[in-house]
Undergrad: 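Have a look at this one before I ask anything.
By convention in this document, chain letters (A, B, ...) are assigned in the order of the sequence lines, proteins followed by strands, and residues within each chain are numbered from 1.
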Amino acid sequence: MPNMSMVKNEMPSQDPNVRNKNFLEVALGYTEEQALDEAARCLNCKTRNCVSGCPVQIQIPDFIKEVAAGNFEEAYQIISRSSSLPAVCGRVCPQESQCEGKCVRGIKGEPVAIGRLERFVADYHNAHSTEAAVKPESNGHKVAVIGSGPSGLTCAGDLAKKGYEVTVFEALHLAGGVLVYGIPEFRLPKAIVQKEIDGLKELGVKIETNMVIGKVLSIDELMEEYGFEAVFIGSGAGLPRFMNIPGENLKGVYSANEFLTRVNLMKAYKDDNTTPIQHAKKVAVVGGGNVAMDAARCAKRLGAEEVYIVYRRSEEELPARKEEVEHAKEEGIIFKLLTNPVEVLEGENGFVGAVKCQEMELGEPDASGRRRPVAKEGSEFEIPVDCVIMSIGTSPNPLIKSTTKGLETQKWGGIIVQEDTGLTSREGVYAGGDAVTGAATVILAMGAGKTAAKSIDEYLSSK
Amino acid sequence: MSRMYKIIKKTELNPTVTLMDVDAPLIAKKAEPGQFIILRVDEEGERIPLTIADFDREKGIVTIIFQIVGATTEKLNHLKEGEYIQDFVGPLGVPSHVEGLKKVAVVGGGVGCAIAYPIAKKLHNLGAQVHSIVGFRNKDLVILEEEFGKVSDKLVMMTDDGSHGTKGLVTDALKELIESGEKYDEVIAIGPLIMMKFVCALTKQYDIKTTVSMNPIMIDGTGMCGGCRLTVGGETKFACVDGPDFDGHLVDFDEAMERGATYKEFERKAHEEACNLFKKEVQ
């Protein structure tokens with residue numbers, strides 16, 4: 001008999017007023033009892049709308065059925081057939097617009113907490129599994145993967161399991177891409193990312209850090225001099241955008257990338273760390289995506305008294321995961337919606353003193369289908385702040401494009417690929433993730449890594 | 001491919017400036033004057049950019065010269081020959097454009113001379129006439145005098161207090177040379193921001209193209225953080241990928257000086273703490 005409760009089992013979480021002062025994980029995860037109870041809410045319906053909502057088609061009702069029966073390891077095996085990073089995706093996927101958005105239970109009441117169950121299953125596996133990954137016998141083919149974010153790690157893992165000799169090239173000193181420099185510890189503990197990377201190493205994947213492809217070595221050199229027969233480009237969308245408004249170069253104005261990199265990758269949040277970071281008292285984060293929420297919540301945790309999210313559309317259009325918005329509100333982040341900055345004003349000694357904003361209203365829908373914000377005349381006002389964090393999106397880094405002959409890209413920088421294979425305009429060179437789509441989600445990048453791995457396998461085994 | 005980066009040679013050029021030859025063959029193979037590397041001294045260290053002072057492609061060596069100004073350079077200076085630097089990545093940035101120049105004034109100030117030297121050397125090797133004007137606070141801080149001498153058709157040494165060479169600023173010497181009728185295709189100025197600002201103000205009067213090398217605060221060096229942004233000709237540029245060389249007549253130096261001081265207080269404290277730590281180790 002299914003559990004007909006209209007609401008999800010609540011996620012045990014740290015108290016908002018405790019967690020907004022530490023960097024420990026916010027959501028604590030279901031207990032076994034909660035997981036069993038939640039899994040019983042799944043009707044195991046025939047249409048499987050949830051599966052069609054999942055970018056990598058995890059067989060959701062099947063894994064939930066195993067959870068309901070208490071077979072947690074079996075549930076993990078079902079998920080891992082489709083997903084390479086379940087512990088990550090269970091935490092960072094926008095489930096409300098994917099699997100859970102299509103769940104029948106969501107029509108009257110709340111959908112099944114698919115994301116929370118995925119996380120439970122992955123954490124259970126990580127805590128209980130003792131078997132080390134077995135390195136498969138090499139098939140003699142060498143593949144290079146550029147970038148160690150979600151698409152690169154997925155592509156590397158899938159190919160290594162098939163016996164390819166995979167080397168991952170990472171530009172920074174630590175592997176993980178956005179999972180380590182971008183998403184904060186309190187949302188995705190770095191130990192989880194490290195475990196995924198260690199798993200790849202057990203499969204024989206080599207990870208080369210400090211390798212900026214396009215500078216240290218080019219793709220042509222990798223293929224001609226180092227014997228890589230195929231290359232996957234998963235270099236992400238790392239280039240921050242600014243608003244080009246006056247005052248944006250004042251001290252105390254950061255890109256979200258810089259702020260988050262200082263906090264997460266460079267560990268500025270730790271007391272004994274020497275990475276410089278401004279401990280601002282009043283912070284305005286411009287933007288409404290997950291990155292904006294992460295930056296705002298990091299600023300709060302670093303001791304800011306007032307942290308604002310300044311977003312030009314309304315709450316409905318906020319691109320961030322719903323859960324992140326709720327968490328941010330609980331932690332005391334102040335939302336200034338329908339508000340757009342027009343100038344950053346100087347305070348003392350060249351530091352930011354305030355951000356001048358305009359009130360906005362929503363007009364006709366634009367190309368993205370969202371209603372276009374229009375400025376209200378004469379509505380300017382100032383928010384006194386000593387730090388402004390720009391979180392208005394990123395574009396792909398031009399480094400690889402400019403150093404790889406014959407690699408075609410879109411005008412805005414995205415690498416052009418065949419959608420069903422990930423193949424670029426260069427033979428043997430594949431691409432996926434944000435480097436192709438522009439800033440998107442972990443799960444989409446992972447899906448693209450899987451697609452490319454499959455194509456690379458077909459390409460090299462028919463060669 | 002990647003591994004720890006061994007310090008092959010370490011030389012104290014003066015009490016606050018150190019030279020290190022680092023084993024980094026992949027970087028040495030590609031390095032060009034004007035480019036930089038980013039290093040981390042140890043597992044917990046911050047990332048700092050340092051311009052490549054020299055390189056030997058055959059031996060696989062990259063030379064860095066750094067001034068001890070903060071906690072990281074203090075820690076770096078405590079490494080000995082045969083020890084390793086944790087991370088060392090490059091060559092980053094766009095190489096200096098020196099091809100086709102016939103007569104150039106290379107102006108170096110303080111530790112900036114370490115960056116100016118490889119450019120002077122390359123110009124010399126390409127057959128250009130090189131006039132080097134180098135300035136230091138006093139004779140104890142002079143570096144690379146002999147090296148500059150070898151690659152310069154004319155070398156002018158300036159010190160603030162006159163304890164070595166001529167007393168005065170590099171701008172005084174440059175002005176004198178220009179006034180005496182020397183015609184330069186280009187002036188390349190590398191040193192403290194304030195020096196580059198005044199060199200540019202001077203050359204603007206004579207309408208001589210001037211290139212400067214900017215060294216702002218930086219994290220990744222690949223265009224990811226935007227911390228190194230500058231205003232050049234009214235546009236925002238990233239020093240790490242668009243530079244570090246820029247047209248000096250277009251750079252907003254006042255803004256660059258402000259931004260460079262963002263963490264001044266933080267750096268001072270961190271440096272003091274690092275020094276105290278090393279002192280304790282000695283005791």
Side-chain angles (χ1 to χ4, degrees), chain A residues 167 169-174 181 206-212 214-218 221 226 235-242 244 248-262 265-268 270 272-279 346 349-351 390 394-395 397-399 402, chain B residues 1-3 5 24 26-27 29-30 35 37-40 43-47 70-72 75 86-93 217-231 235-236 238 241 252 254-267 269-271 273-274:
Chain A
T167 306
F169 294 94
E170 166 57 45
L172 292 171
H173 57 261
L174 195 65
Y181 77 71
K206 286 193 205 109
I207 299 200
E208 299 274 4
T209 53
N210 296 328
M211 294 297 265
V212 182
K215 283 288 178 190
V216 188
L217 292 171
S218 67
E221 284 173 306
Y226 290 84
S235 50
L239 225 55
R241 286 197 203 120
F242 287 93
N244 298 316
E248 219 170 9
N249 291 349
L250 287 169
K251 290 183 283 187
V253 183
Y254 295 84
S255 73
N257 265 3
E258 179 182 359
F259 186 75
L260 289 173
T261 301
R262 283 182 187 274
L265 179 75
M266 305 303 300
K267 310 257 177 273
K270 291 187 175 170
D272 58 350
N273 186 279
T274 54
T275 302
I277 189 95
Q278 193 193 350
H279 289 265
E346 185 172 342
N349 304 321
F351 276 93
M390 291 294 172
T394 52
S395 5
N397 196 312
L399 204 51
S402 63
Chain B
M1 254 175 247
S2 66
R3 70 237 183 301
Y5 305 84
L26 283 176
I27 303 174
K29 197 176 154 195
K30 290 267 176 80
Q35 291 189 295
I37 56 96
I38 283 191
L39 64 79
R40 271 201 330 154
E43 253 322 315
E44 296 299 315
E46 63 170 334
R47 296 169 66 97
T72 300
K75 274 198 288 183
Q86 174 79 26
D87 296 292
F88 201 77
V89 56
L92 302 168
I217 294 169
M218 216 176 257
I219 301 180
D220 60 294
T222 64
M224 198 185 92
C225 79
C228 67
R229 64 193 188 276
L230 310 157
T231 304
E235 279 179 57
T236 294
F238 289 2
V241 287
D252 183 340
D254 294 338
E255 180 187 273
M257 281 187 255
E258 278 293 348
R259 289 186 60 78
T262 306
Y263 298 108
K264 216 170 168 184
E265 190 51 21
F266 196 103
E267 277 162 12
K269 272 189 206 148
H271 188 195
E273 278 167 24

Undergrad: Go through A:Pro240, A:Gly252, A:Ala268 and name the one with the most non-hydrogen pairs under 4.5 angstrom from chain B.
TA: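 Max contact count across the listed options: A:Pro240.
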
Undergrad: Can you tell me how far apart CZ (B:Arg40) and OG1 (A:Thr209) are? Round to the nearest 0.5 Å.
TA: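 Answer rounded to 0.5 Å: 8.5 Å.
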
Undergrad: Which region of A:Phe351, side chain (C-beta onward) or backbone (N, CA, C, O), has a non-hydrogen atom less than 4.5 Å from a non-hydrogen atom of chain B, or is it both or neither?
TA: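 Looking at A:Phe351, just its side chain touches chain B.
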
Undergrad: Is any side-chain heavy atom of A:Thr261 closer than 4.5 Å to one of B:Asp220?
TA: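 No, their side chains stay 4.5 Å or more apart.
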
Undergrad: Without swapping roles, check the side chain of A:Lys215 against the backbone of B:Gly93 for a donor-acceptor pair under 3.5 Å.
TA: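 Yes.
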
Undergrad: Quick check for you: to the nearest 0.5 Å, what is the distance between B:Ile38 atom CD1 and A:His173 atom NE2?
TA: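 Reported value, rounded in 0.5 Å steps: 11.0 Å.
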
Undergrad: Hey, does A:Glu221 have a side-chain heavy atom less than 4.5 Å from the side chain of B:Lys30?
TA: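 Result yes, sub-4.5 Å side-chain heavy-atom pair found.
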
Undergrad: Considering only heavy atoms and a distance below 4.5 Å, find which of A:Glu248, A:Lys270, A:Arg262 pairs most often with chain B.
TA: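 Of the candidates given, the most pairs with chain B belong to A:Arg262.
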
Undergrad: Within the supplied structure, the quantity of interest is the number of heavy atoms (other residues, nucleotides, ligands) at a distance under 6.0 Å from A:Lys206 NZ; does it exceed 12?
TA: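 Not buried by this count: 12 neighbours or fewer within 6.0 Å.
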
Undergrad: Tell me the closest heavy-atom pair linking B:Ile219 and A:Glu258, and the distance in Å.
TA: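 Shortest heavy-atom separation between B:Ile219 and A:Glu258 comes out as CD1-CG, 3.6 Å.
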
Undergrad: Identify which part of A:Ser218 has an atom lying under 4.5 Å from any heavy atom of chain B, answering side chain, backbone, both or neither.
TA: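 For A:Ser218, the backbone is the part near chain B, not the side chain.
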
Undergrad: Please find the pair of heavy atoms, one from B:Val89 and one from A:Asn210, that lie closest to each other, and give the distance.
TA: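 Closest approach of B:Val89 to A:Asn210: CG2-O, 3.2 Å.
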
Undergrad: Which region of B:Gln35, side chain (C-beta onward) or backbone (N, CA, C, O), has a non-hydrogen atom less than 4.5 Å from a non-hydrogen atom of chain A, or is it both or neither?
TA: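 Just the side chain, heavy atoms under 4.5 Å.
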
Undergrad: For B:Thr231, enumerate each residue passing the side chain to side chain donor-acceptor pair (under 3.5 Å) test, keeping only those at least two apart in sequence or located in another chain.
TA: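 By the side chain to side chain donor-acceptor pair (under 3.5 Å) rule, B:Thr231 matches A:Asn249, B:Glu255.
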
Undergrad: Can you say whether B:Thr262 sits under 4.5 Å from chain A via the side chain, the backbone, both, or neither, judging by heavy atoms?
TA: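 Backbone plus side chain of B:Thr262, per the 4.5 Å heavy-atom cut-off to chain A.
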
Undergrad: Which bit of B:Arg259 comes within less than 4.5 Å of chain A, counting heavy atoms only: side chain, backbone, both or neither?
TA: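 Both parts, backbone and side chain.
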
Undergrad: What is the minimum heavy-atom distance between A:Met266 and B:Arg47, and which atoms define it?
TA: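 Heavy-atom minimum between the residues: CE-N, 3.5 Å.
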
Undergrad: Under 4.5 Å heavy-atom distance to chain A, tell me which part of B:Leu230 shows up: side chain, backbone, both or neither.
TA: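 Answer is backbone: N, CA, C or O of B:Leu230 sit under 4.5 Å from chain A.
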
Undergrad: Looking only at heavy atoms and a cut-off of under 4.5 Å, which of B:Ile27, B:Thr236, B:Leu92 has the most pairs with chain A?
TA: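 Max contact count across the listed options: B:Leu92.
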
Undergrad: Can you tell which of A:Leu250, A:Leu260, A:Asn257 has the highest number of heavy-atom pairs within less than 4.5 Å of chain B?
TA: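 Among A:Leu250, A:Leu260, A:Asn257, the one with the most close pairs to chain B is A:Asn257.
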
Undergrad: Who wins among A:Thr394, A:Leu265, A:Asn244, A:Ile277 for the most heavy-atom pairs under 4.5 Å with chain B?
TA: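 Of the candidates given, the most pairs with chain B belong to A:Ile277.
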
Undergrad: So B:Phe238 and A:Phe242, would you call those rings parallel, tilted or perpendicular, with 30° and 60° as cut-offs?
TA: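 Rings of B:Phe238 and A:Phe242: perpendicular, as their planes differ by over 60°.
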
Undergrad: B:Phe88: what forms a ring-ring contact (aromatic ring centres under 6.0 Å, His included) with it, not counting sequence neighbours?
TA: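 Applying ring-ring contact (aromatic ring centres under 6.0 Å, His included) to B:Phe88 gives B:Tyr5.
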
Undergrad: What part of A:Glu170 lies closer than 4.5 angstrom to a heavy atom of chain B: side chain, backbone, both or neither?
TA: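 No part of A:Glu170 comes within 4.5 Å of chain B.
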
Undergrad: For the candidates B:Met224, B:Lys29, B:Glu46, which exhibits the highest count of non-hydrogen atom pairs separated by less than 4.5 Å from chain A?
TA: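 Maximum pair count with chain A is reached by B:Met224.
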
